[in-house]
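Input: a single structure, listed below in structure tokens.
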Amino acid sequence: MEMSELRALLTPEGLRLLDETGPIESTAAVAAAVSRLRAAGHGPDLVSAVVGQARLRARAAAKFGPFAGRMLFTPAGLEQATRLSVAARHAGRFRDAGRRRIADLGCGIGGDALGFAALGLEVAAVDADEATAAVAAYNLAPFGDTVTVSHARAEDVDLRDRDAVWLDPARRPVGGSHSDRLRADEYSPALSWAFELAERMPTGIKLGPGFDRDNIPDGVEAQWISVDGSTIELVLFSRELARDGVRRAALVVRGDQVHELTSAHDAEDVDPRPLGAFLHEPDGAVIRARLIGDVARSLDAGTLDERIAYLTSDEAVTSPFVQSFRVREQLPADEKKLARALRERGIGTLEIKKRGVDVDPAQLRTRLKLKGEASATLLLTRIGDRRTAILADRV
């Protein structure tokens, strides 16, 4: 967001127009709102700011629920912001560790600071981007003196009156890359600085879930977090914030239910076994944390292939750490034969999942040209050097 737009928005008229406009869900609604506001005589900066914020508020509801309707956002800030329910869990860890004065370095639009402040913790929030810091100040204003927001670089903040740090480095991929597997030098502030800080003070560092595990420092707790099947972040906790005996953790949030798997180290693998009556896909957080072996042993399951994160068992199981499928049969992996087999079974609605094979599920579904009333799940993978198609139903 440009500062000119933000200045136009942060006025009584701008905020009134935003509230009157309400969340905007569609491209057509954007065009209609722009036409209406321009016809009413409002300037381009204000119109752009109001319509942009209305669209962002609609998107933000997934992360912030009803609170999104009174918040401001930047596009990048919303994308990187922690979901409010997850931020509350982070804040609880700081509180339970006896930390009361938190420095939120790289606060973005203030999502994590909201979690800290809601638990009564004092927060000094900073962001290196002026517009983003201004948006955070607006979002955190209801907490009064409990929260201060500054426009500053994380490296320049005086931490002498703080007893813990939350750090969300900006992801700045170089060379046009947008992968979440960024190198340590592709963050701002640099992770070398962040990791040194974490050695001195209790610190939580939020990273992308695909962060290179080889760059995780020794002595920290690494917690991968998934929400409703999507792995959203990795957090490294140091010193008093790290739990005794825990170095790897997978936190799985599904709706209102929260489950966690922890370990002092990566889990040992289990042996492969032939495809049984059930196939299980471990949650992404479990896979990232390399705790598949612990899940497999708890289910009396084996892997289909030692290189592939699919498990199989002969008995039905219930676990929050896997999605389970009842195997119908194995089908030909050849695309033409596969299409014929699916049509013979009357399958018109097909969920396609894949591991270890180079397939675009959306394109494959189009090429299969399915018609029929039945539905199923197709899991494409490899067992050894053989490509395998498994027809199944979600349990």
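Proximity of L275 to L304: side-chain heavy atoms (C-beta onward) are separated by under 4.5 Å at one or more points. Taking the side chain as every heavy atom from C-beta outward, V317 and F278 never approach each other to under 4.5 Å. Side-chain contact check for V235 versus L251: every heavy-atom pair is 4.5 Å or farther apart. At least one side-chain heavy atom of R95 sits less than 4.5 Å from a side-chain heavy atom of R100. Proximity of F116 to L140: side-chain heavy atoms (C-beta onward) are nowhere separated by under 4.5 Å. The closest side-chain heavy-atom distance from F195 to I205 is below 4.5 Å. Annotation: side chain of E306 is not in contact with side chain of D269 (no heavy-atom distance under 4.5 Å).
Although no hydrogens or angles enter the test, the distance criterion places a donor-acceptor pair under 3.5 Å between the side chain of R213 and the main chain of R288. For D294 (side chain) and A267 (main-chain N/O), no donor-acceptor pair under 3.5 Å exists by modelled atom type. Judged purely by atom type and a 3.5 angstrom limit, K354 uses its side chain to pair as donor or acceptor with the backbone of V359. Although no hydrogens or angles enter the test, the distance criterion places a donor-acceptor pair under 3.5 Å between the side chain of D163 and the main chain of R101. A distance-only check finds no donor-acceptor pair linking the side chain of R343 to the backbone of L370 [under 3.5 Å]. Here the side chain of Q53 pairs a donor or acceptor atom with the backbone of F73 at under 3.5 angstrom. Under a 3.5 Å cut-off, the side chain of H151 and the backbone N or O of A128 do form a donor-acceptor pair. Under a 3.5 Å cut-off, the side chain of S298 and the backbone N or O of V295 do form a donor-acceptor pair.
Hydrophobic clustering of Ile, Leu, Val, Met, Phe, Trp and Tyr side chains at less than 4.5 Å, counting indirect connections, unites I292 with F321. Cluster membership check: L368 does not share its hydrophobic cluster with I390, using side-chain heavy-atom separations under 4.5 Å among Ile, Leu, Val, Met, Phe, Trp and Tyr. L236 and L261 sit in two unconnected hydrophobic clusters of ILVMFWY residues. Membership requires side-chain heavy atoms under 4.5 Å apart, directly or through other members. Transitive grouping of hydrophobic side chains (ILVMFWY, heavy atoms separated by less than 4.5 Å) keeps V327 and L391 in distinct clusters. If you chain together hydrophobic residues whose side chains sit under 4.5 Å apart, Y138 and L56 fall into the same group.
By the side chain to side chain donor-acceptor pair (under 3.5 Å) test, H90 pairs with E233, sequence neighbours left out.
Closest heavy-atom contact between L380 and V357: O-CG2, 3.7 Å. In terms of heavy-atom proximity, V252 sits nearest to P320 at CG1-O, 3.7 Å. Scanning all heavy atoms of the two residues, the minimum distance from A49 to E5 falls at CB-O, 3.4 Å.
The number of heavy atoms from other shown groups lying within 6.0 Å of CD (Q330) is above 12. R89 CZ: 12 or fewer foreign heavy atoms inside a 6.0 Å radius. In the displayed structure, D271 atom CG is contacted under 6.0 Å by at most 12 heavy atoms of other residues, nucleotides or ligands.
In this pair, W166 and F237 present their aromatic rings tilted. The plane angle is within the 30 to 60° band.
The residues D104 and R162 are annotated as not salt-bridged, no charged nitrogen and carboxylate oxygen being separated by less than 4.0 angstrom. In summary, R248 and D266 engage in a salt bridge, as defined by a charged side-chain N under 4.0 Å from a carboxylate O.
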Identify all side-chain donor-acceptor contacts of residues 7-16 below 3.5 Å with residues at least two apart in sequence or on another chain.
from, atom 1, to, atom 2, distance (Å)
T11, OG1, A8, O, 3.0
T11, OG1, G14, N, 3.0
E13, OE2, H42, ND1, 3.3
R16, NH1, E20, OE1, 3.2
R16, NH1, E20, OE2, 3.0

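Listed by first and then second residue, the salt bridge (Lys or Arg N to Asp or Glu O under 4.0 Å) pairs that reach into residues 379-394 are R328-D393, E351-R394, sequence neighbours excluded.
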